[in-house]
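Take a look at the structure below.
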Amino acid sequence: MNTSVNKLSNSQLFALFVIEAKTELLKTFRTPGFVLPSVLFPVMFYLFFGVIFAMNTNTQVSAYLLATYGVFGVMGPALFSFGAAVAVEKDRGMLAIKQISPMPILAYFFAKVVTALSFAIIIMTILFSVALTLGNVELSLTQWLASFAILMVGVLPFCAIGLSIGLKVKAQAAAAVVNLIYLPMSFLSGLWIPVTQFPEFLQQFAAFLPPFHFAQLVLKVQGMDTGIAWWIHILALLAYTVIFTVFASRAYKASDSR
Amino acid sequence: MQLSQTIFIDIDKVSVNYDDVVAINQLSLKIKKGEVVSLLGENGAGKSTLINTILGRCQVNTGSIKIFGEQPGSQAAKVRIGTILQDANLPDNVTVKEQLNLFRHYYPHARSLEDLLNIAMLKGIEEKRMNKLSGGQKQRVFFALAICGNPDIVFLDEPTVGLDTSARKEFWQCIENIKHQGASIILTTHYLEEAEALSDRILLLNQGNLIWQGTPTEIKNNMTGKKVSFHTSAPKQTIVAFFDSLGSSDVHTNDTNIEACDINIQAGKVECTSQTPEVLLARLFAQKVPLHNLLVEPSKFEDAVLAMNEQMSNKAVAKENVA
């Protein structure tokens, strides 16, 4: 036997990433108990506050909330599928069986990111349809597309944050910890009420929260942001991504050796 | 042949501590290509720790381990091994086929799906999801995952624990199916018959020490005596006096007296092992020891191992007492 070639070829590696993502998607979308709430939660919120409650006001409210509930919606599955799901996989030995195999860590992370992105696409498609038909939101095609693109890419820092939680926290605690971060952070970042209506010190505090920067980027497309330069938001989100990716890869290594 | 002497795993004076507890104590061991080795021992003897250390999941405190000359846990080592972990799990809602195909992609020289289904006896259930499988079937899926990369070493950490007899036999069949393909197999187990049926070499672990090793036949030869047991109405002193008269210096030590050793007297029941049961019985009758339910059985493999384990523990205790 030729043992000198004990590495995957590039095409084998590509096929591995594809099947890892495919299996992850199958696994996730076969769990309606996770898929339905993840998708319906932000849509329901938007229908209530962005459409029904905003009926007698101008369409600006619907447009503003489309951006912020979009952020809220895509953040959720990223935090949960990385946070809670990874914690369960870690505690129930589903991660261990992969860690002793030669699977590259990146393939595992990649599959999770693809899953989070798929959710982002589904949630945004529904939200945008609702906004167009019921919310009477009027945006140019470029604005629609730019919002869509930002909402996709903006998921990444939350994948890293979720992953850090999932690899550090016990399975029973993970969902609670994610909620504890997800809901207050969403509120304090102005996803439900614009930050401009916050007291001064809370407005300043918002600048430290990743969803604030994420939402401001989407709002900038519509010209409804607070006026901070776009590159500051991008830098802040990048910093969060890098910090939590480093944190997560350390936690991954620690979980592999006892 | 020269090739069969290739050393796959080289463990040199390795110690592993968990906090203050010594899990592995100064253990040295070489495992050759194609060998089937069983690790036997009670819970906490260090079997799983040893496997996890070879896999690179436990850190070594002193000593060194090389696997194929590589560092444990390195990518180069991982590609050439397959493992059934004790605490591993698979997602409920993925089918056997999907899971196998996923893991096949992790290895450069994977077995075909067809081969895996045949070797692990999974034909006919490949479209089932994991949560629809029986315990035995699940364990065979883990086995298929362990061998899907055509590994040179297969680690099986208590693969048949919790399985009923028929499921266990089926699992053994799976191991037999790959045994002759040249891979080394390292098996930890509580079931002595499993070690006896499958292995070339048996290692006995006790409190992190490798206390004995040899072939299953050697273990049996180590203990060729017969087990003699009976009930008696005689008081304990009479029985103790009887055994004392056989020449054994002290009934409570486990020295290897030819006529009777491993003597156990409890509530009117007497058990011992004898190399010469005929002589022992003749004496019992001559002394008119009242007895009923007399039984003479060949020593079981299990008894031999248990006796050795006990002897070693006693020696360890004796040593400690001296020190």
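Here the structure is a predicted model, which means the values were calculated and not measured. Throughout, protein chains are lettered first and strands after them, A, B, ... in sequence-line order, and every chain is numbered starting at 1. Heavy atoms only: backbone and side chains are in, while hydrogens, waters and symmetry mates are out.
- Interface residue A:Leu26: only side-chain heavy atoms are found under 4.5 Å from chain B.
- Listed options A:Val88, A:Leu13, A:Thr23 were ranked by heavy-atom pairs under 4.5 angstrom with chain B; first place goes to A:Thr23.
- With B:Asn89 contributing its side chain and A:Arg92 its backbone, the two residues share a donor-acceptor pair below 3.5 Å.
- Heavy atoms of B:Leu90 lying under 4.5 Å from chain A belong to its backbone as well as its side chain.
- Looking at every heavy atom in both residues, B:His105 comes nearest to A:Leu16 through O-CB, 3.9 Å.
- Of all the listed residues (A:Ala15, A:Ser101, A:Ala96), the one sharing the greatest number of non-hydrogen pairs under 4.5 Å with chain B is A:Ser101.
- Counting only heavy atoms from C-beta outward, the side chains of A:Lys98 and B:Leu102 approach each other to under 4.5 Å.
- Inter-residue side-chain proximity for B:Tyr106 and A:Leu8 is flagged as unmet; no heavy-atom pair is nearer than 4.5 Å.
- Neither the backbone nor the side chain of B:Ile84 has a heavy atom closer than 4.5 Å to any heavy atom of chain A.
- B:His109 places a side-chain heavy atom less than 4.5 Å from the side chain of A:Asn6.
- When the shell of 6.0 Å around NZ of B:Lys66 is examined, it contains more than 12 heavy atoms from other residues, nucleotides or ligands.
- Only the backbone of A:Gln99 comes within contact range of chain B, judged by heavy atoms closer than 4.5 Å.
- A 6.0 Å sphere centred on NZ of A:Lys168 holds no more than 12 heavy atoms belonging to other residues, nucleotides or ligands.
- The number of heavy atoms from other shown groups lying within 6.0 Å of CD (B:Glu42) does not exceed 12.
- Contact check for A:Lys7 versus B:Pro108: no side-chain heavy atoms found under the 4.5 Å cut-off.
- Heavy atoms from other residues, nucleotides or ligands lying under 6.0 Å from NZ of B:Lys138 number more than 12.
- The parts of A:Thr31 that come within reach of chain B are both its backbone and its side chain, each placing non-hydrogen atoms under 4.5 angstrom from that chain.
- With a 4.5 Å cut-off on non-hydrogen atoms, B:Arg129 touches chain A through its side chain but not through its backbone.
- Atom CZ of A:Arg250 sits in a sparse spot, with 12 or fewer heavy atoms from other residues, nucleotides or ligands closer than 6.0 Å.
- Within the 4.5 Å cutoff, no side-chain heavy atoms of B:Phe155 are placed close to those of A:Ile100.
- Atom CZ of A:Phe247 sits in a sparse spot, with 12 or fewer heavy atoms from other residues, nucleotides or ligands closer than 6.0 Å.
- Contact of the A:Ile19 side chain with the B:Asn101 side chain is registered, since non-hydrogen atoms from C-beta on lie closer than 4.5 Å.
- In plain terms, the two heavy atoms of B:Val94 and A:Lys27 that are nearest each other are CG2-CG, 3.8 Å.
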